[in-house]
2 protein chains.
Amino acid sequence: MAQGRDQASGAAGGSRAESAPPPRRGRGSRPTIGDVAALAKVSKATVSFVVNDRAGVSPAARRRVRAAMEDLGWQPNAGARALSNKRAQTLGLVMRRQPELLSTDPFFPQFVAGIETGLAPLGYALVLQVVPDEDTERQAYERLARDGRVDGVFLTDLRVDDPRPALVTELGLDALIVGPPQPGSRVPAIGVDDGSGIRRAVSHLRSLGHRRIGHVCGAEGYVHTEARRDAWRGALADAGLAEVPPVEADFTGASGARATHQLLDLDRPPTAIVYANDLMAIAGITAATGRGLRVPEDLSVVGFDDIPLADCIAPPLTTVRQDVLTWGNVAAQALAARTEGRAPEQITLPPVEFIIRSSTAPPPRGGRQE
Amino acid sequence: MAQGRDQASGAAGGSRAESAPPPRRGRGSRPTIGDVAALAKVSKATVSFVVNDRAGVSPAARRRVRAAMEDLGWQPNAGARALSNKRAQTLGLVMRRQPELLSTDPFFPQFVAGIETGLAPLGYALVLQVVPDEDTERQAYERLARDGRVDGVFLTDLRVDDPRPALVTELGLDALIVGPPQPGSRVPAIGVDDGSGIRRAVSHLRSLGHRRIGHVCGAEGYVHTEARRDAWRGALADAGLAEVPPVEADFTGASGARATHQLLDLDRPPTAIVYANDLMAIAGITAATGRGLRVPEDLSVVGFDDIPLADCIAPPLTTVRQDVLTWGNVAAQALAARTEGRAPEQITLPPVEFIIRSSTAPPPRGGRQE
DNA sequence: CCCTTATTCTAAACCGGTTTGATGAGCTCG
DNA sequence: CGAGCTCATCAAACCGGTTTAGAATAAGGG
C-alpha cells in the first residue's frame with residue numbers, strides 16, 4: 001500500500017475545496033482496533049494479542065500490526081479496555097479538608113505529585129475528590145465504588161476510629177492506608193512513622209540542655225496528632241524530663257499562636273516548644289516575639305513539615321521533613337500492585353529528616369528557667 | 001426460557017459449606033442493567049430510558065424500574081456509559097510544577113477543591129496529572145486524549161507563547177484556559193485579572209505617600225508574571241511615579257530575598273515593594289529586617305495570594321487575595337458545559353480583594369528617601 | 001368498523017476493546 | 001501416508017451500558 005495517506009476511516013477524501021465536513025471536531029475520527037486490524041490484514045483478536053504482549057502471534061504478523069499501529073497512531077481506548085477487563089486502571093484519592101486549611105497543607109500537593117509519578121509509568125490515572133465533611137466523604141467513596149470508576153483508593157489522614165477502612169471493605173474497593181496500620185482492619189498500610197521525627201526533635205532539644213519541652217498538638221482526632229503527642233510524651237518520660245501539659249491546637253496559625261501564649265503563661269513555662277506543624281510553629285515564633293521573648297535565645301522552637309517558608313523567616317525554622325513525594329510514589333505502586341493481585345514490592349519509606357536551623361539554641365541560663 | 005434465575009453469573013450456587021469460593025472480593029457481584037430489567041419485567045432499553053429521564057415510558061413501568069433500581073442498589077456503570085456515549089464524564093487537569101514549588105503554591109489545592117465542588121453535582125470526575133517539565137506535559141495531554149480518558153482539560157499557568165492551546169486543539173480535546181484569553185486561539189478562557197490586584201496595591205501605597213515603589217516579579221515566561229509586572233509599571237506611569245527597575249525572581253523564597261537585596265542596594269532604593277507572591281514577600285521582609293530595616297516603618301511590603309501564614313508573621317502581611325476556590329468552581333461548570341455543547345453560563349469571577357494588614361505604612365520622612 | 005396516528009415497549013446493533021472455541025495449516029513420527 | 005500435535009489465526013461472544021428501528025397496543029377520525 002502506498003505509504004502516503006490512507007489514514008483512518010473516510011476523511012482522507014479529496015483535499016479539494018469541497019463542502020465536505022471537516023473531521024468532526026477532531027474527536028470521533030480516532031482509529032479503532034478494527035482499523036488497525038484491517039490495515040494489518042489480521043483480526044481484532046490478533047491486534048489485541050500484540051498490544052498485550054501475549055504469545056501466539058507470528059513475528060511477521062506482529063510486525064505488521066506494530067506498523068499499522070504506528071501508521072494510524074492508534075492506542076487502545078482506556079474506557080473500552082476497562083469495560084472488558086472490569087478494571088478501570090484508575091485509582092482514587094478522596095481528601096477531606098476545610099477549604100481554608102487546604103492551601104496551608106504541604107502534604108496534599110506533594111503526595112498527589114508523588115502518586116502521579118508512581119502511577120504514570122503504569123498507565124494508571126488518578127481521580128481526585130476533595131470533600132468538606134464526613135458525610136460527603138462517605139458519599140464520595142460510595143460513588144467511586146458504584147460507578148466503577150476506580151480499582152482502589154488511598155486512605156489518608158486517618159482519624160481515630162476511622163470508619164473508612166470498614167467502609168471500603170464493605171464496598172469491595174481495594175484500598176491502602178497511608179499511615180500506621182489500623183488494628184482490626186485487613187486494609188494494608190504503608191507505615192508512616194510520625195513518632196521518630198518528634199523523638200529526634202526532643203532529643204535534639206535535650207542535648208542543647210532543655211529540661212522543659214512543651215508540645216502544641218495538631219487537630220484532635222487524627223491518628224497522626226496522637227502519634228506525635230504520644231511520641232513527645234514518651235520521649236520526655238524516657239529522658240526523665242519534666243512533664244508539661246500538651247496543648248491542643250488545630251494546625252491553623254491562630255491556634256498555634258493561642259497555644260503558644262497558653263504555654264508561656266504557665267507558672268513554669270517551657271524553654272522549648274515542639275509544634276505539630278510549621279504553620280503553628282511560625283505563628284508561635286511571632287507570638288513569642290510579640291511578648292518580648294527572643295527566639296532562639298529565650299525560647300527554642302521546632303516545627304514539622306519543612307514548608308518552603310521555613311527557611312525564609314527569622315530565625316530559620318528547625319523542623320522535621322518527611323519525604324511525602326516518595327510516600328506518594330510508593331503508595332501508588334503498592335496500591336496498583338494490590339489491585340492487580342500482585343504482592344506489592346517490599347515497602348520501605350525513606351526515614352524522616354531532622355533539619356536543624358536557627359530556631360533552636362541552648363536554653364537561657366537561670367532567668368525564666370526558675 | 002425459565003424466567004426464574006438467570007441473574008448474573010453463577011455465584012448463587014449452594015450456600016453449603018462446600019469449597020466454593022466466596023463472592024469474589026465483593027466486586028463483580030454488582031448488578032447490571034440486565035438484572036434491573038429482569039426484576040422490573042421490562043427491557044434494558046426501558047431501564048436506560050428511565051435512568052436518563054427520557055420520554056416514552058409509562059408511569060407504571062417507570063415506577064417498577066425505580067423500585068427495582070432501589071432494590072438492587074443499582075447505578076449505571078460509568079465506564080460502560082462512557083463507552084456508549086463516547087463521553088468519559090471526566091475532565092483533566094495537568095499541573096506542571098517543580099515538586100519543591102508545589103507545596104508552596106496556594107493555587108493548586110484551592111483550585112482543585114473548587115473544581116471538585118463544581119464537578120461533583122454534575123456527576124463528573126477529575127483526573128489529575130502532575131508533571132515536572134514541558135516534555136512530560138505534552139505527553140500527558142496526548143495520553144489523556146488518546147486514551148479517551150477525558151472530555152476536556154483545564155489549562156492553567158499559561159506561559160507566553162504557550163504551545164498548549166494549539167496542542168489541545170490539534171488533539172481534539174475541549175479545553176478551557178484559566179487566565180486571560182489567548183490571542184489567536186479559539187480556546188475559550190475565563191478571564192482572570194491579575195492586574196487589578198497590583199493596581200490596588202500601588203494605589204494603596206501611593207495614598208500612603210510612597211513615591212518609589214519597586215516590584216519583584218514572578219518566574220519569567222508566565223503570562224501572569226507579565227500581567228503583574230505590566231500592571232505595576234502601568235500604575236506607576238499613570239500616577240507619574242518614579243520608574244524603578246523591576247527585578248526578576250521565580251516565586252521561591254530564596255529568589256525573593258535576593259531580589260529584595262538587589263532593590264535595596266539601588267542608589268535610590270524604593271520605600272515600598274510589591275511582590276508577585278506572598279512567599280517572596282515574606283522572604284523579603286526577613287531580608288530587609290536582616291539589613292536593619294524595619295517593616296513597615298522603613299519599608300512597606302505587599303504580597304500576593306494571602307496564604308494562611310500571611311497574618312501569622314510579624315508584621316502581618318498586606319496582600320492581594322484571589323478567590324481561587326470560586327475560579328475552580330466556575331471553570332468546572334464552564335468546561336463541563338462546553339464539552340456537552342451547551343453554552344456556558346455567564347461567567348463572572350469574584351473581584352480580587354486587597355487585604356490591608358500591617359506591612360504597609362507611610363514612607364519614612366527624609367532619611368533614606370534621599 | 002377500518003384506517004391512521006400516538007404511545008409504549010423491545011430486540012438488536014453498537015461503542016471499542018478482550019477472551020474463548022474452533023478451524024486449518026504445517027510438522028513430526030510411526 | 002495418515003494419526004496426532006502444535007501453533008497461528010479468526011469469528012463470535014462478551015463487558016454494561018445507549019440508541020435505533022420497528023412491533024404491538026391504544027386511541028382518534030371518518
Side-chain angles (χ1 to χ4, degrees), chain A residues 8-9 24 27-38 40-65 68-69 72-89 123 146-149 151, chain B residues 1 3 6-10 24 27-38 40-65 68-69 72 74-89 123 145-149 151 340:
Chain A
S9 44
R24 278 254 195 109
R27 201 204 313 302
S29 61
R30 283 206 323 204
T32 75
I33 195 174
D35 300 330
V36 176
K41 305 214 190 299
V42 296
S43 70
K44 297 194 317 178
T46 303
V47 176
S48 177
F49 289 157
V50 171
V51 299
N52 292 306
D53 270 323
R54 289 172 48 150
V57 181
S58 68
R62 193 176 298 272
R63 251 193 317 277
R64 291 206 313 279
V65 170
M69 284 173 55
L72 267 39
W74 175 83
Q75 289 289 127
N77 174 289
R81 215 168 194 176
L83 185 55
S84 280
N85 291 337
K86 290 177 158 251
R87 311 205 58 262
Q89 292 274 95
R146 271 189 343 211
D147 292 356
R149 265 194 217 268
D151 301 320
Chain B
M1 172 124 303
Q3 77 200 74
D6 52 17
Q7 289 305 78
S9 41
R24 280 258 192 103
R27 201 206 313 301
S29 60
R30 282 203 326 200
T32 76
I33 195 174
D35 300 330
V36 175
K41 306 212 190 297
V42 297
S43 70
K44 297 194 319 180
T46 301
V47 176
S48 178
F49 288 157
V50 171
V51 300
N52 292 306
D53 270 325
R54 289 172 48 149
V57 181
S58 68
R62 193 177 296 271
R63 250 194 316 278
R64 291 207 312 279
V65 170
M69 284 173 55
L72 267 41
W74 174 83
Q75 290 289 127
N77 173 290
R81 216 169 192 173
L83 186 54
S84 279
N85 291 337
K86 289 176 157 255
R87 310 205 60 261
Q89 291 274 97
R146 273 188 340 211
D147 292 357
R149 265 193 216 269
D151 301 320
E340 291 171 8

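Naming convention: chains lettered A, B, ... in sequence-line order (proteins, then strands); numbering from 1 in each chain. Keep in mind the model is a prediction, meaning the values are calculated, not measured.
Under the side chain to side chain contact (heavy atoms under 4.5 Å, CB included) criterion, A:S43 pairs with A:A45, A:T46, sequence neighbours left out. Residues meeting the salt bridge (Lys or Arg N to Asp or Glu O under 4.0 Å) test with B:R149, sequence neighbours left out: B:D147. Qualifying salt bridge (Lys or Arg N to Asp or Glu O under 4.0 Å) partners for B:R64, counting only residues two or more places apart in sequence or in other chains: none. Scored by the side chain to side chain contact (heavy atoms under 4.5 Å, CB included) test, A:A88 finds A:T90, A:D151 as partners (sequence neighbours excluded). In this structure, A:S84 has no side chain to side chain contact (heavy atoms under 4.5 Å, CB included) partners at least two apart in sequence or on a different chain. In terms of the side chain to side chain contact (heavy atoms under 4.5 Å, CB included) criterion, residue partners of A:L83 (sequence neighbours excluded) are, by chain and number, B:A80, B:L83. Taking B:Q75 as the reference, nothing meets the side chain to side chain donor-acceptor pair (under 3.5 Å) condition, with sequence neighbours excluded.
Note: CD (B:Q89) to C1' (C:dC15) measures 15 Å, nearest angstrom. Distance A:L83 CG to D:dA13 P: 18 Å, rounded to the nearest Å. Taking atom CZ on A:R146 and atom C1' on D:dG16, their separation rounds to 16 Å, with Å as the unit. Following rounding to the nearest Å, B:R54 (CZ) and D:dT19 (C1') show an atom-to-atom distance of 7 Å. Summarising the geometry, the separation between CG on B:D147 and P on C:dG16 is reported as 14 Å, rounded to the nearest angstrom. Rounded to an integer number of Å, the gap from B:R87 CZ to D:dG17 P is 18 Å. Rounded to an integer number of Å, the gap from CD of A:Q75 to P of C:dG16 is 16 Å. Taking atom CZ of B:R30 as the reference point, atom P of D:dG16 lies 9 Å away to the nearest angstrom.
Side-chain atoms of A:K44 and base atoms of C:dG16 include no donor and acceptor less than 3.5 Å apart.
At D:dG17, one or more side-chain N or O atoms of B:W74 fall inside 4.0 Å of OP1 or OP2 (strictly under the cut-off). Distances shorter than 4.0 Å separate none of the side-chain N or O atoms of A:S84 from OP1 or OP2 on D:dC15. B:R81 has no side-chain polar atom (N or O) that falls below the 4.0 Å cut-off from OP1 or OP2 of D:dG16. Listed pair B:N85 / C:dC15 fails the phosphate criterion, with no side-chain N or O lying under 4.0 Å from OP1 or OP2. For C:dG16, one of the phosphate oxygens OP1 or OP2 lies less than 4.0 angstrom from a side-chain nitrogen or oxygen of B:K86. Between A:N52 and C:dT18, a side-chain N or O to OP1/OP2 separation shorter than 4.0 Å is present.
Results of the side chain to side chain contact (heavy atoms under 4.5 Å, CB included) test with B:V47 over B:N52, B:T32, B:V57, B:I33 single out B:I33 as the only residue that passes.
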Write down the protein N/O and nucleotide N/O pairs, taken from nucleotides 8-11 of chain D, whose separation is under 3.5 Å; answer none if there are no such pairs.
{"from": "D:dT9", "atom 1": "OP1", "to": "A:S58", "atom 2": "OG", "distance (Å)": "3.0"}
{"from": "D:dT9", "atom 1": "OP2", "to": "A:S58", "atom 2": "N", "distance (Å)": "2.9"}
{"from": "D:dT9", "atom 1": "OP2", "to": "A:S58", "atom 2": "OG", "distance (Å)": "3.2"}
{"from": "D:dC10", "atom 1": "OP2", "to": "A:S43", "atom 2": "N", "distance (Å)": "2.8"}
{"from": "D:dC10", "atom 1": "OP2", "to": "A:T46", "atom 2": "OG1", "distance (Å)": "3.1"}

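Across all strands shown, A:S48 has heavy atoms under 4.0 Å from base atoms, whether or not it also approaches the sugar-phosphate.
Across A:G148 and B:N77, no two heavy atoms sit closer than the pair CA-ND2, 4.4 Å.
Comparing the helix axis at one end of the helix from C:dC1-D:dG30 to C:dG30-D:dC1 with that at the other, each defined from 5 consecutive pairs, gives an inter-axis angle of 60° (nearest 10°).
Judged purely by atom type and a 3.5 angstrom limit, B:R146 has no side-chain atom pairing as donor or acceptor with the backbone of A:G73.
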